[in-house]
Amino acid sequence: MNVRMGLLRKKQDWTDERFCDYWRNTHGPLAARVPNLREYWQNVVTDRLQRGIDFARGPWDFDGISQLWFDDVKHAEHAFRDSGIAATLIEDESRLFGSLHIVTVRQDVVVPVPEDATRARLLKRISTLKRRTDVSEDDFRREWIVHRDLVRKMPGISAYRQNVVLSREWVKGTPCDYQALPIDGIVELWFESIDTLNTAFASSAGQTTMAHAKTFIYEITAFVVVEHRIV
């Protein structure tokens, strides 16, 4: 399936509380009306610490990350460009967001996410990745496949998904190149707690995993989030 991820900043004069309430309870139900939408989750950023990783942090400072699933790119493009709800959605986005970047990704489930009852009590971290300048896009993707097997060996990983970026929009609806939005991949990791997260990365397997990461990743920008299912 095709997954569109929105990388969001709220309006500067909005409080966190106002943003979260409006995004979930007003904008969320509106976006849920787009045609052919299979699933929709909102991830509200609550923590911007790197936690357990020794990497340069990128320039990103998001307030939220959305995820919307479609059967294919054509359905997603129709939903947000020329469907009956598209113009209304853009108008509402201009009211809510200070900035909105879009990446379209291929999602690979490495460790499946538990059912909702268990999932709701887990801590989730989303991280954006930028490859080293001496690493090609193809090499990054090959090494990331190797990397997933190392992550599997880390203790305390409750769930793990890799999202390989296929296309980018610095401004929604307008494709951009890699230089404008240099994100190669987005990681989703679930843990029992912050302590479990720290223990995982401090472990021998965690150290091996991070040593391998340094061979092909330049920046990791981590966010702890609270996720809400809309659809």
Going only through I, L, V, M, F, W and Y residues with side-chain contacts under 4.5 Å, is there a path from [X] to [Y]?
{"X": "L68", "Y": "W23", "value": "yes"}
{"X": "V110", "Y": "F216", "value": "yes"}
{"X": "V113", "Y": "L122", "value": "yes"}
{"X": "F55", "Y": "W144", "value": "yes"}
{"X": "I126", "Y": "V3", "value": "yes"}

task: Might you work through the side chain to side chain donor-acceptor pair (under 3.5 Å) test for E219 and W60, ending with a clear yes or no?
output: CA-CA 11 Å; E219 287 177 350; W60 317 116; 5.1 Å; no
[X] atom [atom1], neighbour heavy-atom count above 12 within 6.0 Å:
{"X": "K153", "atom1": "NZ", "value": "no"}
{"X": "D116", "atom1": "CG", "value": "yes"}
{"X": "E115", "atom1": "CD", "value": "no"}

field: Partner of E169 by side-chain contact (heavy atoms from CB on, under 4.5 Å), out of V103, I102, T174
entry: I102
message: What I want to find out is whether D134 reaches R132 closely enough, with some N-O distance under 4.0 Å, to be called a salt bridge.
response: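 Salt bridge: yes.
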message: If the threshold is 4.0 Å, N to carboxylate O, is there a salt bridge linking R48 and D61?
response: yes
The criterion is salt bridge (charged side-chain N to carboxylate O under 4.0 Å, His left out); which residues satisfy it with [X], sequence neighbours excluded?
{"X": "R141", "answer": "E137"}
{"X": "E143", "answer": "none"}
{"X": "D108", "answer": "R106, R148"}

Candidate pair T133 and Y218, rule side chain to side chain contact (heavy atoms under 4.5 Å, CB included), full reasoning: CA-CA 8 Å; T133 57; Y218 174 64; over 6 Å; no
- request: Give a yes or no on whether the backbone of P35 and the side-chain of S83 come within a donor-acceptor separation of less than 3.5 Å.
  value: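 Between the backbone of P35 and the side chain of S83 there is no qualifying donor-acceptor contact (under 3.5 Å).
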Short side-chain to backbone donor-acceptor contact, K214 and D54, under 3.5 Å: yes
Determine whether the side chains of [X] and [Y] contain a donor N or O and an acceptor N or O closer than 3.5 Å.
{"X": "W14", "Y": "Q12", "value": "no"}
{"X": "Q179", "Y": "W170", "value": "no"}
{"X": "E188", "Y": "Q162", "value": "no"}
{"X": "T196", "Y": "T199", "value": "no"}

- prompt: Strictly under 6.0 Å, is that where the ring centroids of F70 and Y40 end up?
  reply: no
From D149 atom CG to T209 atom OG1, the distance as rounded to the nearest 0.5 Å: 10.0 Å
task: Calculate, to the nearest 0.5 Å, the distance between atoms OG and CG belonging to S193 and N198 respectively.
output: 8.5 Å
- line: Tightest non-hydrogen contact, residues Y160 and L189, listed as CD1-CD2, 3.4 Å
